[in-house]
Amino acid sequence: MGLAFIQFDSMFDQIESQHQNHIKGFAKNIKNHFRSAMSKNKNITEIISKNKTIQTAFIQNNTKQLCKKAREFRILGVYDIFFMDSSFNILCQTNHLQNISFDQPKLPIFQKAALSSQCSLVDIQRTLYIIAVCPIIAEHQRVGYVVSLIQVYPHLVDEIISHLQIQLKINYQNKPISSYLDNINVDSWEAYTFLFTIDDISLEVTLYENSIISQLLTKSRQSHLYFLLAILAVFISGIALFIRKLITPMNQLVNAMNKYSKGELKLSLLPNVQNEIGNLSHAFHRMIIDLEHAEQRFGRIFEYSIEGIFQIHPEGYFIRVNPALVKILGYLSPEELIESISDISSQMYVYSEDWERFKSMLLEQNQVKSFEVRLYQKDLSIIWVSINARNVRNRNGEIICYEGFLIDITERKSREEFEKERKALELANHTKSEFLANVSHEIRTPLNAVLGLGKLLYKTELNNLQKEYLDDILNSSKILLELINDILDYSKVELGNIQLVNTSFYLMDIYQNIISIFKQQIQTKKMAFVFHIPKECGIELIGDPIRIKQILINLLGNAVKFTDKGQVWIQTDSLHKTSGEIYISISVTDTGIGIDETDQHRIFQAFTQADASSTRKYSGTGLGLAICEKLVYKMKGKMYVTSIPTKGSTFSITIPLTYDENSNKPIKSPPVYSRILIIEDDEVNAKFVKSVFKNENMDIHILPDGQDIFQYLIQYSYDMIFMDIQLPGIDGYELSQHIRQSGRITLPIIALTACAMKGDREKCLAAGMNDYLPKPFEPEDVLAIYHKWKGALQLESRPLEKKSIKPDQKQ
Ligand code: ADP
């Protein structure tokens with residue numbers, strides 16, 4: 001059974017909504033009346049129950065909607081009862097509903113009622129309600145009547161009644177309705193029930209008075225409430241059913257989400273349903289997989305980062321730390337670190353105010369960058385770290401932790417400190433050097449005056465005691481002047497005030513000059529003194545000869561100073577020669593006191609001496625080597641020492657020099673002559689040595705002892721002497737010493753001796769001999785030692801012509 005209300009009257013808009021609802025409830029009452037009436041007729045009930053469902057539509061006053069509904073529900077076929085309001089008829093006359101056919105009769109009262117829409121609200125409430133009927137067509141037959149509830153305004157009642165009378169054969173209790181209608185007093189009527197009988201169907205229709213309707217409405221309101229409750233129950237059970245369908249997968253999804261949010265990263269079960277939840281679950285699953293990948297990626301970064309990564313609670317304890325941080329802070333595991341530190345400020349920050357500073361910076365700027373601070377490690381050693389951190393906030397904007405990373409910058413910091421100290425030291429050193437340079441310069445002037453005046457004083461008439469005092473004064477002044485000069489030199493080098501010159505020179509000239517300086521000292525010490533310059537170093541070189549000479553004077557001065565007996569030998573070599581450039585190595589070797597290995601590094605520092613006690617004996621300032629090293633460095637060369645205590649030392653320098661490849665200038669190196677003196681009392685031995693040189697086109701003299709040696713030495717300039725130690729009369733040691741004393745310090749003397757005992761060689765060297773050839777020897781040994789020493793520089797003048805008078809040769 002269809003039940004339709006068509007409410008299309010602006011009048012209803014004006015009525016309170018409560019009233020509208022009452023209309024609904026009232027319609028229900030009407031419907032019940034109608035149903036009970038119909039149930040009396042079996043046929044109709046059957047037809048209705050077979051073909052129709054009870055359906056209620058409440059169509060609001062929207063023309064288009066009405067038309068649509070009208071068509072949709074086959075308005076005449078589906079609904080059994082229409083409750084239409086008065087304006088509906090107007091609508092029927094519009095084009096919208098033209099093709100909807102209502103069986104006649106139309107209810108003309110509608111039209112009239114429409115006019116009443118202008119009525120006041122009071123009028124409306126005082127209206128009559130009338131039920132009108134029109135035939136219902138279903139399945140091509142009339143199955144019932146539309147019963148319309150019409151609000152009828154008092155002034156229209158008569159007209160309505162008359163229409164009813166006209167159009168319906170209304171009987172009530174077998175009397176025409178008109179007979180009743182006559183009794184209707186509009187002002188006081190309560191209810192009239194009509195029984196409509198149409199085609200044998202009787203229909204009881206009750207006409208209510210307004211106040212009765214109100215009662216009905218109240219009733220219906222209650223029933224409406226029940227109805228609402230029923231609707232609600234149905235709705236709730238529907239929802240429950242619906243939810244049951246959704247709830248299980250939804251629960252699964254929510255569970256999975258909860259687990260995930262608690263950190264359970266492995267997803268156990270996700271709903272597999274074909275609806276929106278399924279889609280959601282799919283999307284969630286994809287998101288988790290992406291997150292897992294991202295987590296893995298970032299997890300690896302966290303685990304293997306070399307930076308220490310952390311999350312710190314604002315109250316000052318660690319929430320999370322990575323292995324790098326654990327290592328930086330010297331702990332064994334993240335757990336140990338997190339458990340050990342409950343107050344970062346006091347346990348980790350060396351200065352707790354740094355922690356406060358760190359926190360307030362974060363508060364102000366929300367992040368800190370390169371925050372450098374000192375932290376304690378587990379073992380309380382202090383490290384410098386640089387921290388980058390930011391605030392992590394919750395949705396309410398409160399800081400929940402600080403998150404960031406730090407790196408260990410201890411090394412960089414100590415480098416910086418060192419650099420700072422070095423600069424400060426450099427500055428202090430510079431100031432010191434400046435001061436020394438100024439002071440020594442100032443001292444030199446009066447000292448020069450002392451020396452100059454002393455020398456003048458020397459020329460005046462002085463008694464012996466005065467001369468002695470004056471000697472002391474002059475000697476002391478010289479020593480002082482040397483010291484001042486050294487200091488000045490050193491200061492200059494330190495200040496970088498020394499400018500190297502580039503000029504051409506011969507090493508030979510430098511050596512000869514040096515020999516003249518030290519000759520006296522060497523002779524006094526009865527030492528051998530040999531220079532050796534190979535041909536390739538005898539060329540004209542380009543460099544700073546003054547500074548090279550200064551270095552060699554220092555080295556030679558030390559060699560002579562620290563050697564009491566034996567020899568000093570300057571060996572020159574070319575290490576590397578390319579076109580225009582030559583690396584020269586010059587070594588100064590002595591047989592002096594030597595230097596302990598531990599002291600060998602120190603002696604190049606200024607004012608440092610190997611053995612303070614020996615200094616008193618040998619005097620000195622400890623500046624010479626420091627100056628030499630700095631000068632060599634300035635020449636882009638190197639300087640080093642090898643030494644054996646008590647045996648002697650070798651100081652070597654290697655410096656790059658240039659030369660003119662196209663120069664025609666002559667080579668200057670010691671002349672190599674071939675005049676040898678053999679002093680040997682054993683004739684056979686002497687002859688043997690001579691025979692070794694037979695192919696060398698040499699002038700060989702033999703003497704059986706040292707008796708006439710000086711006569712020979714004066715007459716012939718020998719290049720080398722081979723001397724037996726056990727000679728008749730004066731022995732080889734003594735003879736050598738005499739030769740050195742005579743000023744022949746560079747003449748190589750080679751000992752030939754049968755004494756091959758330990759210490760014999762040293763004894764020979766100490767006696768001023770250059771080398772030592774133990775018997776028995778082979779011809780090659782003799783030649784080797786000859787070649788080793790030939791070319792050594794001899795200071796003695798030699799006769800011009802090569803072949804001169806031969807001495808007596810006892811052959
Ligand atoms: P000085 O000789 O004026 O003390 P140097 O700087 O020239 O200063 O030498 C520093 C120290 O090195 C010397 O005091 C000495 O102890 C050691 N030394 C230098 N040359 C030699 C050498 N040839 N033999 C032994 N010791 C040497």
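Residue numbers start at 1 and run along the sequence shown. Note that this is a predicted model, so its numbers are computed, not measured. As the structure lists them, so they are numbered: ligands from 1, and atoms in each ligand from 1.
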**Message:** I'd like to know if K423 and E426 make a salt bridge, using a cut-off of under 4.0 Å between side-chain N and carboxylate O.
**Reply:** no
[X] and [Y]: side-chain donor and acceptor closer than 3.5 Å?
X    : Y    : answer
Y640 : T654 : no
Q737 : R740 : no
Y718 : D699 : no
N475 : K478 : no
W789 : D771 : yes

**Message:** Below 4.0 Å from ligand 1: does a non-hydrogen atom of F651 turn up there or not?
**Reply:** yes
For ligand 1, which atoms have a heavy atom of [X] less than 4.0 angstrom away?
X    : result
L623 : 6 (O), 8 (O)
K561 : 1 (P), 2 (O), 3 (O)
I603 : 11 (C), 12 (O), 17 (C)
S649 : 24 (N)

**I595, portion touching ligand 1 at heavy-atom distance under 4.0 Å** = side chain
**Request:** Under 4.0 Å, heavy atoms only, figure out whether ligand 1 is touched by the backbone of D590, its side chain, both or neither.
**Result:** side chain
**Asked** Of the choices G622, C628, G624, G557, which has the non-hydrogen atom that lies closest to atom 1 (P) of ligand 1?
**Response** G622
**Message:** Please state which option from T650, T563, N558 has its nearest heavy atom closest to atom 19 (C) of ligand 1.
**Reply:** N558
**Asked** Does an N or O from N554, backbone or side chain, lie closer than 3.5 Å to an N or O of ligand 1?
**Response** no
**Request:** Report the C-alpha separation of K467 and N464 in whole Å, then their side-chain angles, then the decisive distance to 0.1 Å, and conclude whether the side-chain hydrogen bond (donor to acceptor under 3.5 Å, both in side chains) test is met.
**Result:** CA-CA 5 Å; K467 268 187 188 163; N464 284 345; 5.0 Å; no
